[in-house]
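Step one of this worksheet: look at the structure below.
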Amino acid sequence: MADGAESVPKASGPAAATRRRLLIIHNPVAGARRARRLGAVLELLEQRHGAVVTLRATGGRGDAEAMARAVAPGAFDAVVAAGGDGTINEVVNGLGARGGGETTIPLGIVPLGTANVLAHELDLPLDAEGVARVLAEGRTMPVHLGVANGRAFAMMAGAGLDARVVERVDTRLKRLIGKGAYAVETLARIAAGGGGPYRVAVDGAEPVKVASVIVAKGHFYGGRFVCAPDARLTDPRLHVCLFPRAGRGNALRYLWGVTAGRLPRYPDYRVLPARRVVIDGPVGEPVQGDGDVIAHLPVEIALAPWILPVLARRTVF
């Protein structure tokens with residue numbers, strides 16, 4: 001397994017010609033358990049599937065994006081993000097900065113995060129054997145991304161409660177209790193109040209006032225919760241989820257609706273298909289995308305002008 005070099009061994013024979021050359025970008029401070037899982041995936045890729053693997057470790061925020069952007073044309077068959085949704089988002093933006101078209105390098109995923117929302121949306125396996133099989137043998141599927149003030153996201157972008165939670169969540173607590181850290185911070189943000197209101201204009205229509213808004217590309221949210229039932233990654237549309245009523249009581253009601261799977265039944269909750277969304281509100285408030293702060297208000301959200309091929313199961317979609 002190489003570390004740092006982009007050169008790959010020359011293939012020989014018909015079997016070697018089909019071996020995938022994979023650049024795997026990972027965060028080395030993700031924890032011992034996740035490091036062992038990644039190690040198992042690497043071993044299976046090399047020993048069972050004959051893949052040619054180059055492993056690169058990030059040293060800080062932005063490194064994964066820079067590494068993906070700097071890949072030489074033709075050097076790899078796929079760039080693999082090994083980490084959580086934040087690491088994946090960086091790699092997505094790095095690949096996007098290279099430009100679209102037929103030369104776009106496919107994205108592969110080793111899910112090592114807290115929520116793994118994109119992995120769930122793609123129906124990716126979470127076990128080492130399944131992950132290695134997808135990276136070595138999976139087909140590519142075309143994913144239509146969103147962009148918020150020029151920053152790409154794969155699953156969702158939002159302003160309001162969820163963005164304030166993402167901005168304030170305790171990373172140390174997140175490492176200790178995983179998704180529970182988001183629950184703790186959500187209750188803290190609801191108790192604190194504030195934020196908004198937000199004005200949301202969909203495809204140039206008159207703006208509507210809401211307490212929170214999520215612009216979805218996939219139908220899963222925060223793991224396997226559902227906010228936009230009809231949203232799909234392969235669909236070139238945004239789905240705008242509007243939470244109109246303000247106040248702590250309504251915030252708790254919406255939270256219960258999400259976690260209990262009842263949100264689409266609420267008469268005041270709406271999901272609108274769109275191609276362009278403009279969100280205005282208190283200047284400088286955070287906008288979250290794929291679980292990280294990717295912009296600040298005001299924000300314009302649209303479909304990305306390029307399509308990202310992503311390695312997935314052969315049977316998906």
Side-chain angles (χ1 to χ4, degrees), residues 1-4 6 8 19-59 61 63-69 71 75-95 105-141 143 152-155 174-175 178-179 218 220 223-224 233 290-292 308-316:
M1 178 171 55
D3 189 354
E6 285 201 3
V8 295
R19 295 190 301 171
R20 279 186 174 161
R21 301 162 302 161
L22 305 173
L23 169 62
I24 298 183
I25 298 172
H26 78 110
N27 181 354
V29 298
R33 180 175 58 84
R34 293 170 182 175
R36 287 193 297 270
R37 193 188 312 169
L38 175 59
V41 171
L42 297 177
E43 183 176 358
L44 287 164
L45 281 171
E46 294 180 321
Q47 296 186 10
R48 181 174 300 180
H49 297 283
V52 181
V53 176
T54 298
L55 184 66
R56 291 211 181 122
T58 62
R61 190 177 182 89
D63 283 0
E65 181 174 347
M67 290 174 183
R69 186 190 302 116
V71 171
F76 298 100
D77 299 310
V79 175
V80 180
D85 293 311
T87 299
I88 295 169
N89 182 267
E90 281 200 26
V91 173
V92 165
N93 276 276
L95 294 176
I105 301 175
L107 169 72
I109 297 171
V110 180
L112 299 175
T114 303
N116 296 314
V117 185
L118 181 57
H120 289 312
E121 187 78 19
L122 293 165
D123 192 30
L124 293 178
L126 300 181
D127 64 288
E129 184 173 348
V131 170
R133 186 181 303 112
V134 169
L135 295 178
E137 303 174 2
R139 66 171 180 85
T140 58
M141 60 174 288
V143 169
F153 63 92
M155 283 299 298
K174 182 179 169 183
R175 284 195 292 269
K179 292 181 184 179
F220 282 140
R224 289 188 177 272
L233 295 174
D290 293 342
D292 275 330
L308 178 66
V310 179
L311 294 176
R313 296 178 191 256
R314 292 184 181 273
T315 56
V316 170

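Computed from a prediction, not measured in an experiment: that's the story for all the values here.
- N93 contributes no side-chain N or O that, together with a main-chain N or O of E90, makes up a donor-acceptor pair within less than 3.5 Å.
- Every residue two or more places apart in sequence or in another chain that forms a salt bridge (charged side-chain N to carboxylate O under 4.0 Å, His left out) with E129 is listed here: R48, R133.
- How far CZ of R34 is from CG of N27: 9.5 Å, rounded to the nearest 0.5 Å.
- A distance of 7.0 Å separates CG in L126 from CZ in R37, rounded to the nearest 0.5 Å.
- Looking only at distances, no side-chain donor or acceptor of D290 sits under 3.5 Å from a matching main-chain atom of F153.
- Across every non-hydrogen atom of H120 and G223, the tightest pair is CD2-O, 3.7 Å.
- You'll find the side chain of V134 reaches within 4.5 Å of the side chain of L124, heavy atoms only.
- Scanning both residues, T58 and M67, for their nearest heavy atoms gives CA-CE, 4.0 Å.
- The main-chain N or O of G218 is never found under 3.5 Å from a side-chain atom of E121 such that the two would form a donor-acceptor pair.
- Judged by distance alone, the side chain of R21 and the main-chain N or O of T54 form no donor-acceptor pair under 3.5 Å.
- Minimum interatomic distance between L311 and A78 (heavy atoms only, all atoms of both residues): CD1-CB, 3.9 Å.
- For R19 against D77, the heavy-atom pair with the smallest separation is O-OD2, 3.8 Å.
- The closest donor-acceptor contact from the side chain of R20 to the backbone of L135 lies under 3.5 Å.
- In this structure a side-chain-to-backbone donor-acceptor pair under 3.5 Å is missing from D85 to G113.
- Residues meeting the salt bridge (charged side-chain N to carboxylate O under 4.0 Å, His left out) test with D63, sequence neighbours left out: none.
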Fill in: Worked check of side chain to side chain contact (heavy atoms under 4.5 Å, CB included) between V117 and R224
CA-CA 7 Å; V117 185; R224 289 188 177 272; over 6 Å; no

Apply side chain to side chain contact (heavy atoms under 4.5 Å, CB included) to D123 and R313, showing your working. CA-CA 8 Å; D123 192 30; R313 296 178 191 256; 3.7 Å; yes

Take V80 and I25 through the test side chain to side chain contact (heavy atoms under 4.5 Å, CB included) and record every step on the way to the result. CA-CA 6 Å; V80 180; I25 298 172; over 6 Å; no

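- Considering L23, I109, L107 as possible partners of V91, the one that fulfils the side chain to side chain contact (heavy atoms under 4.5 Å, CB included) test is L107.
- Side-chain contact check for L42 versus L38: some heavy-atom pair is nearer than 4.5 Å.
- Atoms CG and CG, from L233 and L118 in turn, are 6.5 Å apart once rounded to the nearest 0.5 Å.
- When every heavy atom of A51 is checked against every heavy atom of L22, the shortest pair comes out as CB-CD1, 4.3 Å.
- Residues V71 and V79 are in side-chain contact: their nearest non-hydrogen atoms beyond the backbone lie under 4.5 Å apart.
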Exercise for review: For V92 and L308, run side chain to side chain contact (heavy atoms under 4.5 Å, CB included): C-alpha distance rounded to whole Å, both residues' side-chain angles, the deciding distance at 0.1 Å, then the answer.
Suggested key: CA-CA 8 Å; V92 165; L308 178 66; 4.0 Å; yes

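- Not a single donor-acceptor pair under 3.5 Å links the side chain of N116 to the backbone N or O of A119.
- Summarising the geometry of P309 relative to T140, their closest heavy-atom pair is CB-CB, 4.0 Å, with the distance given to 0.1 Å.
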